[in-house]
K.L.:
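I'd like to ask some things about the structure below.
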Amino acid sequence: KHLLEYDDVMNKQREAIYGWRRQLLERADQRERILEMVRGIVGSFIELRCPPKTHPGTWDLANLETDINSQFGVRVKAAELAQMSRAEMESAIYERLEQKYQEKEELVGAEVMRDMERLIMLHVIDTQWKDNLLSMDHLKEGIGLRGYGQKDPLVEYKKESFVLFNDMMDRIEDETVRYLYFLQTDQGERPNLPF
């Protein structure tokens, strides 16, 4: 019975990943999803570097500038950001990133960009899913020891596998966006994939 409950956790994750892969293989447009990922990443950077309910003078704008540059290859100036509220900052950075993505799309064409999005997402999902399966196997091997600590191993397995899955989803988003923004493109040519 417990083996089935452990497998049920794994099955739910598998269904989520395979559903996403199926959408990609059926050529579903992912542009909006990618821009949502961009917005989420920008929001998490601002949350980290400019925490709410802190004085704007304590915000770490230099590292925010570095975060944006290393994730997207787009330079923002800390001096310009210093004049803005958190919401204005997030909006301005997102608009700049959306514009950069649009420019890249105009360079290669919308159809080629949709193909690149799908190929990159499939590659990143597959790589991260394999790593997650390995992590889940390691988790399952050691989960029985939680019983010695007066904790229900199944409950702990569900909690820890949920954390592993969410971390994997974050890595998928981060890597996909980074690949797409750093993709080298030439006018009208199909970009070379970095993998």
Side-chain angles (χ1 to χ4, degrees), residues 9 12-13 16-17 19-21 23-24 28-105 113-114 116-136 139 158-183 194-195:
V9 171
K12 287 186 173 116
Q13 292 184 4
I17 291 296
W20 194 1
R21 287 187 89 257
Q23 283 180 349
L24 292 168
D29 189 334
Q30 298 295 311
R31 187 177 198 281
E32 289 306 312
R33 187 174 194 161
I34 287 165
L35 291 175
E36 284 175 29
M37 291 177 189
V38 170
R39 186 179 294 280
I41 292 168
V42 169
S44 67
F45 285 159
I46 288 177
E47 193 74 22
L48 176 68
R49 303 301 181 185
C50 309
K53 299 179 183 162
T54 58
H55 189 272
T58 63
W59 289 349
D60 190 358
L61 297 178
N63 277 323
L64 177 62
E65 183 180 335
T66 303
D67 292 341
I68 299 295
N69 190 31
S70 63
Q71 178 70 33
F72 302 101
V74 173
R75 294 209 183 277
V76 292
K77 301 220 181 313
E80 293 171 10
L81 298 176
Q83 311 305 317
M84 301 178 187
S85 70
R86 288 179 79 233
E88 292 169 336
M89 200 182 306
E90 187 170 347
S91 182
I93 293 170
Y94 175 75
E95 285 173 19
R96 181 103 181 270
L97 295 174
E98 187 179 26
Q99 177 188 357
K100 169 92 170 166
Y101 199 73
Q102 183 63 36
E103 289 168 6
K104 189 170 285 215
E105 185 175 316
M113 198 65 184
R114 298 297 84 80
M116 291 299 106
E117 290 167 355
R118 279 191 291 277
L119 289 170
I120 287 172
M121 288 176 91
L122 279 168
H123 172 76
V124 172
I125 288 169
D126 289 348
T127 303
Q128 291 300 323
W129 179 241
K130 284 184 229 169
D131 289 348
N132 188 63
L133 289 174
L134 188 61
S135 297
M136 294 290 285
L139 177 61
K158 286 179 179 180
K159 283 182 191 173
E160 291 181 36
S161 65
F162 180 74
V163 169
L164 286 173
F165 186 75
N166 283 338
D167 290 348
M168 177 195 65
M169 294 301 280
D170 288 345
R171 286 191 309 275
I172 287 172
E173 290 184 3
D174 288 349
E175 281 190 40
T176 297
V177 167
R178 188 175 294 118
Y179 273 134
L180 285 166
Y181 271 84
F182 281 97
L183 194 63
F195 42 83

K.L.:
Please say whether the positively charged group of Arg33, taken as NZ for Lys or CZ for Arg, lies over the ring of Trp20, i.e. under 6.0 angstrom from the six-membered ring centre and within 45 degrees of the axis.
P.N.:
yes
K.L.:
How long is the straight-line distance from CG of Asn166 back to CE of Met168, given to the nearest 0.5 Å?
P.N.:
8.5 Å
K.L.:
Which residue pairs pass the side chain to side chain donor-acceptor pair (under 3.5 Å) test with at least one member in residues 35-47, sequence neighbours excluded?
P.N.:
Glu47-Arg86
K.L.:
Working to the nearest 0.5 angstrom, can you tell me the gap between Gln13 CD and Leu133 CG?
P.N.:
8.5 Å
K.L.:
For the backbone of Ala62 and the side chain of Thr66, can you confirm whether one donor and one acceptor N or O come within less than 3.5 Å of each other?
P.N.:
yes
K.L.:
Can you name the closest pair of heavy atoms from Pro51 and Thr54 and give their distance?
P.N.:
O-OG1, 2.5 Å
K.L.:
I would like to know whether Ile93 and Phe72 meet side chain to side chain contact (heavy atoms under 4.5 Å, CB included); could you show each step before the answer?
P.N.:
CA-CA 11 Å; Ile93 293 170; Phe72 302 101; 6.0 Å; no
K.L.:
Using the rule given for salt bridge (Lys or Arg N to Asp or Glu O under 4.0 Å), can you reason through Asp131 versus Arg171, listing the C-alpha separation, both sets of side-chain angles and the distance that settles it, and then say yes or no?
P.N.:
CA-CA 11 Å; Asp131 289 348; Arg171 286 191 309 275; 5.9 Å; no
K.L.:
Just checking, is any N or O donor in the side chain of Gln99 or Glu103 under 3.5 Å from an acceptor N or O on the other one?
P.N.:
yes
K.L.:
How far does CG of Leu24 sit from CG of Leu122, to the nearest 0.5 angstrom?
P.N.:
4.5 Å
K.L.:
With sequence neighbours left out, what residues match Phe165 under ring pair (Phe, Tyr, Trp, His ring centres under 6.0 Å)?
P.N.:
none
K.L.:
What closest approach, in Å, do Ala82 and Leu61 show between heavy atoms, and which atom pair accounts for it?
P.N.:
CA-CD1, 3.5 Å
K.L.:
Sequence neighbours excluded, which residues qualify as salt bridge (Lys or Arg N to Asp or Glu O under 4.0 Å) partners of Lys159?
P.N.:
Glu156
K.L.:
Can you tell me how far the CD atom of Glu117 sits from the CG atom of Leu183, to the nearest 0.5 Å?
P.N.:
10.0 Å
K.L.:
Say whether, by atom type as modelled, one donor and one acceptor occur between the side chain of Gln128 and the main chain of Ile172 under 3.5 angstrom.
P.N.:
no
K.L.:
CZ of Phe162: more than 12 outside heavy atoms within 6.0 angstrom?
P.N.:
no
K.L.:
In Å, rounded to the nearest 0.5 Å, how long is the span from CD of Glu160 to CG of Leu164?
P.N.:
7.5 Å
K.L.:
What verdict does the side chain to side chain contact (heavy atoms under 4.5 Å, CB included) test give for Gln102 and Arg31, after you've listed the backbone C-alpha separation in whole Å, the side-chain angles of each residue and the deciding distance to 0.1 Å?
P.N.:
CA-CA 10 Å; Gln102 183 63 36; Arg31 187 177 198 281; 2.5 Å; yes
K.L.:
For Tyr94, give me all partners under ring pair (Phe, Tyr, Trp, His ring centres under 6.0 Å), at least two apart in sequence or on another chain.
P.N.:
none
K.L.:
Just by modelled atom types, is the His123 backbone N or O under 3.5 Å from a matching donor or acceptor in the Thr127 side chain?
P.N.:
yes
K.L.:
If you measure only the distance, is there a donor-acceptor pair under 3.5 Å linking the side chains of Gln23 and Arg118?
P.N.:
no
K.L.:
Thr176 side chain to Glu173 main-chain N or O, any donor-acceptor pair under 3.5 Å?
P.N.:
no
K.L.:
Test: side chain to side chain donor-acceptor pair (under 3.5 Å). Region: residues 68-77. Which pairs qualify, not counting sequence neighbours?
P.N.:
Gln71-Arg178
K.L.:
What do the steps show when you test Leu64 against Met89 for side chain to side chain contact (heavy atoms under 4.5 Å, CB included), and what is the final call?
P.N.:
CA-CA 11 Å; Leu64 177 62; Met89 200 182 306; 3.6 Å; yes
K.L.:
Under the criterion side chain to side chain contact (heavy atoms under 4.5 Å, CB included), I'd like the reasoning laid out for Ile17 against Asn132: C-alpha separation, chi angles, the key distance, then a yes or no.
P.N.:
CA-CA 11 Å; Ile17 291 296; Asn132 188 63; over 6 Å; no
K.L.:
How are the rings of Tyr181 and Tyr101 set relative to one another: parallel (under 30°), tilted (30 to 60°) or perpendicular (over 60°)?
P.N.:
tilted
K.L.:
List in chain and number order the residues that pass side chain to side chain contact (heavy atoms under 4.5 Å, CB included) with Pro56, two or more places apart in sequence or in another chain; answer none if no residue qualifies.
P.N.:
Trp59
K.L.:
Can you measure from CE (Met169) to CG (Asp174) and round to the nearest 0.5 angstrom?
P.N.:
12.0 Å
K.L.:
Any side-chain heavy-atom pair from Leu139 and Ser161 closer than 4.5 angstrom?
P.N.:
yes
